[in-house]
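Along the sequence shown, residues carry numbers from 1.
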Amino acid sequence: YMIIKEFISETNKNQMISTLLKHYKVGNVKLQYKSMKDYAHFDVDRGTLQLSTKYKTIKSSQVKDFLITILHEIDHAIDSKKKGWKSFKADYEWEMNYQISQNKDEYKDNKYEIKAEKFGQENWKKWFNRFKKEGLI
């Protein structure tokens, strides 16, 4: 029988994050753990990927959500790098205010959030398979 890993080691988790950041050419992004209600946040001003302390340890059952979350935030980092962080921040904030002015949700209806979520959903599986093959999960 196969032993199923219940938890992903800190080393393996960091290896996955590092691989993803390098692959998408945002390797200069710093990683920081922070106590927060969301699972992750890309701090544009500081070029920092903030991960919730909830992700300090990941259960095997959370890997899909974890990868989608990291990829989602990486999409913001890619946009920030492409446009320049000040432009990206201004565009993102404009979009939030626009959604509010339309009585819509500033996150759920935000085109940058929709794009980032789609990026995460479309890419998590290939990374999951790769990391599984490499024995990281």
Side-chain angles (χ1 to χ4, degrees):
Y1 71 100
M2 210 175 92
I3 297 170
I4 295 169
K5 289 186 207 162
E6 194 188 347
F7 292 99
I8 307 302
S9 78
E10 182 100 21
T11 311
N12 288 4
K13 181 185 62 180
N14 291 340
Q15 180 63 49
M16 289 189 276
I17 295 169
S18 162
T19 300
L20 291 168
L21 293 173
K22 280 187 195 122
H23 176 84
Y24 292 106
K25 295 178 177 41
V26 288
N28 59 334
V29 166
K30 293 179 288 302
L31 195 62
Q32 175 187 43
Y33 284 95
K34 196 175 172 184
S35 184
M36 55 194 200
K37 68 175 176 59
D38 300 318
Y39 277 97
H41 171 72
F42 180 65
D43 182 335
V44 179
D45 297 306
R46 293 174 188 81
T48 304
L49 173 55
Q50 297 174 334
L51 276 184
S52 168
T53 46
K54 294 174 204 161
Y55 273 145
K56 268 284 199 209
T57 23
I58 312 173
K59 286 185 170 177
S60 298
S61 59
Q62 297 172 304
V63 173
K64 174 186 175 182
D65 290 338
F66 173 72
L67 289 173
I68 290 171
T69 300
I70 297 294
L71 289 162
H72 175 118
E73 298 306 328
I74 283 175
D75 189 70
H76 292 319
I78 293 167
D79 280 347
S80 175
K81 186 181 172 183
K82 251 191 271 182
K83 290 184 168 197
W85 71 270
K86 281 186 177 152
S87 281
F88 175 65
K89 186 179 181 186
D91 291 354
Y92 185 94
E93 286 173 358
W94 186 93
E95 175 69 14
M96 282 184 104
N97 291 327
Y98 174 74
Q99 294 306 334
I100 293 166
S101 76
Q102 301 299 302
N103 290 320
K104 291 187 171 178
D105 188 282
E106 71 256 44
Y107 289 106
K108 279 200 304 256
D109 298 309
N110 184 317
K111 68 180 181 186
Y112 296 108
E113 291 300 325
I114 293 165
K115 179 171 116 20
E117 194 54 30
K118 189 175 176 220
F119 182 76
Q121 295 288 347
E122 286 174 352
N123 290 289
W124 79 268
K125 197 169 273 171
K126 81 169 180 201
W127 288 106
F128 182 89
N129 293 333
R130 176 178 159 179
F131 293 145
K132 200 161 182 60
K133 240 182 233 135
E134 293 173 3
L136 294 172
I137 48 180

Minimum-distance pair of heavy atoms, taken over all atoms of Leu136 and Met16
CD1-CG, 3.9 Å
Assess the side chains of Glu106 and Gln99: does a donor N or O sit below 3.5 Å from an acceptor N or O?
no
Without swapping roles, check the side chain of Lys104 against the backbone of Met96 for a donor-acceptor pair under 3.5 Å.
no
Quiz question: by atom type and distance under 3.5 Å, do the side chains of Lys22 and Ser18 form a donor-acceptor pair?
yes
Would you sort out whether Lys118 and Glu122 count as a side-chain contact (heavy atoms from CB on, under 4.5 Å), showing the intermediate values?
CA-CA 6 Å; Lys118 189 175 176 220; Glu122 286 174 352; 3.0 Å; yes
Testing Tyr24, Trp124, Trp127 one by one against Phe119 for a ring-ring contact (aromatic ring centres under 6.0 Å, His included), which residue passes?
Tyr24
Any donor and acceptor pair, going by atom type alone, linking the side chain of Asn12 with main-chain N or O of Ile8 inside 3.5 Å?
no
To the nearest 0.5 Å, what is the distance between CD1 (Ile58) and OG (Ser9)?
9.5 Å
Please check if any side-chain donor atom of Glu113 sits under 3.5 Å from a side-chain acceptor atom of His76, or the reverse.
yes
Okay, side chain of Lys115, backbone of Asp75: is any donor-acceptor separation there less than 3.5 Å?
no
More than 12 foreign heavy atoms under 6.0 Å from NZ of Lys37: is that the case here?
no
Heavy-atom check, side chain of Leu51 versus side chain of Ile70, under 4.5 Å:
yes
Would the number of heavy atoms belonging to other residues, nucleotides or ligands and lying under 6.0 Å from OH of Tyr33 be above 12?
yes
Please test Phe88 against Ile78 for side-chain contact (heavy atoms from CB on, under 4.5 Å), starting from the C-alpha separation and ending with a verdict.
CA-CA 10 Å; Phe88 175 65; Ile78 293 167; over 6 Å; no
Does Lys83 have more than 12 heavy atoms from other residues, nucleotides or ligands lying within 6.0 Å of its NZ?
yes
Atom CG of Asn97 and atom CD of Glu93: how far apart are they, to the nearest 0.5 Å?
7.5 Å
Measuring from Ile68:CD1 to Asn123:CG, what's the distance to the nearest 0.5 Å?
10.5 Å
Shared ILVMFWY cluster between Val29 and Met36, side chains joined below 4.5 angstrom?
no
ILVMFWY cluster, Ile74 and Leu31 together (side-chain gap under 4.5 Å):
yes
Neighbour count >12 (heavy atoms, 6.0 Å) for atom NZ, Lys125
no
As a quick check of understanding, evaluate side-chain contact (heavy atoms from CB on, under 4.5 Å) for Tyr98 and Asn110, giving each step before the final call.
CA-CA 9 Å; Tyr98 174 74; Asn110 184 317; over 6 Å; no
Rounded distance (nearest 0.5 Å) linking atom NZ of Lys13 with atom OG1 of Thr57:
7.0 Å
Side-chain donor or acceptor of Asp38 paired with backbone N/O of Ala40 under 3.5 Å:
no
Does the side chain of Thr19 come within less than 4.5 Å of Gln15's, by heavy atoms?
yes
Check for me whether the distance between the ring centres of Phe66 and Tyr39 falls short of 6.0 Å.
no
Between OG of Ser101 and CH2 of Trp94, what distance do you get to the nearest 0.5 Å?
7.5 Å
Show, in sequence, the C-alpha distance, side-chain angles and deciding distance for Tyr112 and Asp79, and conclude whether the side-chain contact (heavy atoms from CB on, under 4.5 Å) test is met.
CA-CA 9 Å; Tyr112 296 108; Asp79 280 347; 3.9 Å; yes
Donor-acceptor contact below 3.5 Å, side chain Ser52 vs main chain Lys54:
yes
Measure from the side-chain N and O atoms of Lys89 to the backbone N and O of Ser80, and report whether any donor-acceptor pair falls under 3.5 Å.
no
Between atom CD of Glu95 and atom CG of Asp109, what is the distance when rounded to the nearest 0.5 Å?
9.0 Å
Could you tell me whether a side-chain N or O of Gln50 sits under 3.5 Å from a main-chain N or O of Phe42, the two making a donor and an acceptor?
no
Quick one: does Phe131's side chain get under 4.5 Å of Leu20's, heavy atoms only?
yes
Do Asp43 and Arg46 come close enough that some side-chain heavy atom pair is under 4.5 Å?
yes
